[in-house]
Q: 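Supplied in structure tokens, the structure appears directly below.
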Amino acid sequence: MKIKAKTCDENFLEEIKRNFDTKYIDLYRNFDKKGIQELFDNELVYDIEHEFEYLELFDPKSFSDLFTNNIKNTYEALKFLTPAQASREEFWFTMINTVYLDYLLDYLKTVSDRKDFDQKIKNSIFYNSSITKAQTIQRISRYWWLGYRTYDEKNISNPYWLTEYFFERDGSSKIIAFFSSNLTNNKDTALGIIEGIKNRNDKIVNNRWAYLIMNKYFNAMGGVRIIDIMTREEIKKETMKYIDYIVENPELLSLEERKGIIKG
């Protein structure tokens, strides 16, 4: 089904955010679809030029299936976005409350009994932290950005091969650990690290510890070398080299890190 992408005036977003706790949050607490639709039916919410094929999102029990399905369906549908366009909070705020409203409400029903339900609502629709971190938390933005950062256009047969690998285990806890870092804003850096870890899958576990350790390593390296000018191949080789080094010298890791990632 082809539909128009939507966005809103920044003043509309700011007014909703400013008065959210006093005027609007009950719409979401009560899963009031009609009320939300009426709120977004105004001249400050409008179509943009792009039309896209809507692909359904869902939250299955398996986190691996959740991420790989929703990342593919969001990124494939909205691949026309540039990173600059995809950085606009107004766009994702509007899309989650219009095109993806059913998905939002279905998700909120699954977390309605949590003590942090109100915060879950806000995180789902707004950017509530630094932009890099917020991009991986907002309920629709996250899928596009995770797709963008793991999509490998060089692998014609399956450009999502590294997406599938990254999320096959411990995906939800790896997202913030890896993708909220400025280091992985560089797509080649992110792909190089993931591929390097995959190539050493016989030695270390594909979990958040592996990505935390690699983030720490490359951030430290950034003090003496400009990471952004390294090629993806160089990043991959450096990742594999460092994994070999720490496996041979496990005393360099904390006990928790050793137990977390080293196989055997």
Side-chain angles (χ1 to χ4, degrees), residues 63-64 67 71 83-84 86-87 123 127-138 141-142 144-155 160-264:
F63 277 110
S64 174
F67 283 110
I71 287 169
S87 296
N123 288 344
Y127 276 11
N128 273 328
S129 56
S130 67
I131 188 166
T132 302
K133 187 174 181 179
Q135 286 169 348
T136 60
I137 294 176
Q138 200 268 4
S141 168
R142 69 190 320 205
W144 191 92
W145 280 103
L146 292 169
Y148 172 75
R149 290 180 175 136
T150 59
Y151 185 89
D152 183 7
E153 45 275 294
K154 293 180 181 178
N155 190 318
Y160 291 102
W161 71 296
L162 292 177
T163 311
E164 292 166 356
Y165 174 73
F166 185 87
F167 288 102
E168 74 178 11
R169 173 178 177 149
D170 198 26
S172 58
S173 65
K174 283 188 286 194
I175 292 172
I176 300 300
F178 191 55
F179 288 112
S180 63
S181 165
N182 288 331
L183 176 75
T184 49
N185 275 343
N186 184 315
K187 181 170 178 171
D188 282 341
T189 301
L191 290 175
I193 292 173
I194 298 170
E195 188 175 1
I197 291 172
K198 187 177 191 304
N199 285 354
R200 288 294 182 266
N201 200 50
D202 60 325
K203 295 184 177 182
I204 64 168
V205 181
N206 177 27
N207 63 15
R208 73 184 183 95
W209 286 110
Y211 296 89
L212 283 168
I213 288 168
M214 294 316 307
N215 267 10
K216 187 190 304 183
Y217 174 66
F218 279 105
N219 281 322
M221 184 192 292
V224 294
R225 188 172 180 181
I226 302 174
I227 305 299
D228 278 349
I229 67 171
M230 293 177 69
T231 66
R232 172 177 164 183
E233 185 66 19
E234 288 173 328
I235 294 287
K236 179 184 76 173
K237 288 181 178 178
E238 193 66 38
T239 299
M240 294 162 61
K241 178 182 173 182
Y242 186 63
I243 290 170
D244 290 341
Y245 181 67
I246 60 175
V247 169
E248 291 171 5
N249 301 275
E251 69 278 2
L252 296 173
L253 303 176
S254 70
L255 180 60
E256 192 173 22
E257 288 172 334
R258 291 202 297 272
K259 287 182 177 180
I261 70 163
I262 296 178
K263 289 185 174 180

Q: Would you please name every residue forming a side chain to side chain contact (heavy atoms under 4.5 Å, CB included) with E248, sequence neighbours left out?
A: none
Q: Just by distance, do the side chain of N186 and the backbone of D188 share a donor-acceptor pair under 3.5 Å?
A: yes
Q: Once side-chain hydrogen bond (donor to acceptor under 3.5 Å, both in side chains) is applied, do any residues pair with N215, and if so which ones, sequence neighbours excluded?
A: none
Q: Is there side-chain contact between R169 and V205, with at least one heavy-atom pair below 4.5 Å?
A: yes
Q: For the CG atom of N219 and the CE atom of M214, what is their distance to the nearest 0.5 Å?
A: 10.5 Å
Q: Any side-chain heavy-atom pair from K236 and M240 closer than 4.5 angstrom?
A: yes
Q: To check you understand the geometry: which heavy-atom pair defines the closest contact between Y165 and K174, and what is its length?
A: O-NZ, 4.5 Å
Q: With sequence neighbours excluded, what pairs up with Y242 under the ring pair (Phe, Tyr, Trp, His ring centres under 6.0 Å) test?
A: Y217
Q: Taking distance alone, no hydrogens or angles, what donor-acceptor pairs closer than 3.5 Å link side-chain atoms of residues 257-264 to residues at least two apart or in another chain?
A:
{"unit_1": "E257", "atom_1": "OE1", "unit_2": "S254", "atom_2": "N", "d": "2.9"}
{"unit_1": "E257", "atom_1": "OE1", "unit_2": "S254", "atom_2": "OG", "d": "3.4"}
{"unit_1": "E257", "atom_1": "OE2", "unit_2": "K216", "atom_2": "NZ", "d": "3.0"}
{"unit_1": "R258", "atom_1": "NH1", "unit_2": "P250", "atom_2": "O", "d": "3.3"}
{"unit_1": "R258", "atom_1": "NH1", "unit_2": "L253", "atom_2": "O", "d": "2.8"}
{"unit_1": "K263", "atom_1": "NZ", "unit_2": "N201", "atom_2": "O", "d": "2.5"}

Q: Are K237 and E234 close enough for a salt bridge, meaning some N to O gap below 4.0 Å?
A: no
Q: Quick check for you: to the nearest 0.5 Å, what is the distance between F218 atom CZ and M221 atom CE?
A: 5.0 Å
Q: Just list the side-chain donor-acceptor pairs under 3.5 Å for residues 191-199, sequence neighbours left out, or say none.
A:
{"unit_1": "E195", "atom_1": "OE1", "unit_2": "R232", "atom_2": "NE", "d": "3.4"}
{"unit_1": "E195", "atom_1": "OE1", "unit_2": "R232", "atom_2": "NH2", "d": "3.0"}

Q: State, with a plain yes or no, whether a side-chain heavy atom of I175 is found less than 4.5 Å away from one of F167.
A: yes
Q: Report the residues that fulfil side chain to side chain contact (heavy atoms under 4.5 Å, CB included) with K133, sequence neighbours left out, ordered by chain and then residue number.
A: S129, S130, I137, I176, S180
Q: Can you check whether E168 reaches N206 side chain to side chain, under 4.5 Å on heavy atoms?
A: yes
Q: Would you call V247 and I204 a side-chain contact if the rule is heavy atoms closer than 4.5 Å?
A: yes
Q: Kindly compute the distance separating CG (N185) from OG1 (T132), expressed to the nearest 0.5 Å.
A: 4.0 Å
Q: Run the side-chain hydrogen bond (donor to acceptor under 3.5 Å, both in side chains) test against T163 and tell me which residues pass, sequence neighbours left out.
A: T150
Q: Calculate, to the nearest 0.5 Å, the distance between atoms CE and CD belonging to M230 and E238 respectively.
A: 5.0 Å
Q: Test side-chain contact (heavy atoms from CB on, under 4.5 Å) on Q135 and W144; report intermediate values, then the result.
A: CA-CA 9 Å; Q135 286 169 348; W144 191 92; over 6 Å; no
Q: How far does CD1 of I246 sit from CD1 of I243, to the nearest 0.5 angstrom?
A: 6.5 Å
Q: Ignoring hydrogens, what is the shortest heavy-atom contact between F178 and T184? Give both atom names and the distance.
A: O-OG1, 2.7 Å
Q: Which residue pairs satisfy the ring pair (Phe, Tyr, Trp, His ring centres under 6.0 Å) criterion with at least one member in residues 180-205, sequence neighbours excluded?
A: none
Q: Under the ring pair (Phe, Tyr, Trp, His ring centres under 6.0 Å) test, which residues partner W145, sequence neighbours left out?
A: Y148
Q: Quick one: list whatever passes side-chain hydrogen bond (donor to acceptor under 3.5 Å, both in side chains) with S141, sequence neighbours left out.
A: Y127
Q: For F179, give me all partners under ring pair (Phe, Tyr, Trp, His ring centres under 6.0 Å), at least two apart in sequence or on another chain.
A: F166
Q: Got Y245 and L252 here, is their nearest side-chain heavy-atom distance under 4.5 Å?
A: yes
Q: Please tell me whether Y160 and D152 have a donor and an acceptor in their side chains that are separated by less than 3.5 angstrom.
A: no
Q: Run the side chain to side chain contact (heavy atoms under 4.5 Å, CB included) test against N128 and tell me which residues pass, sequence neighbours left out.
A: Q119, K122, N123, F126
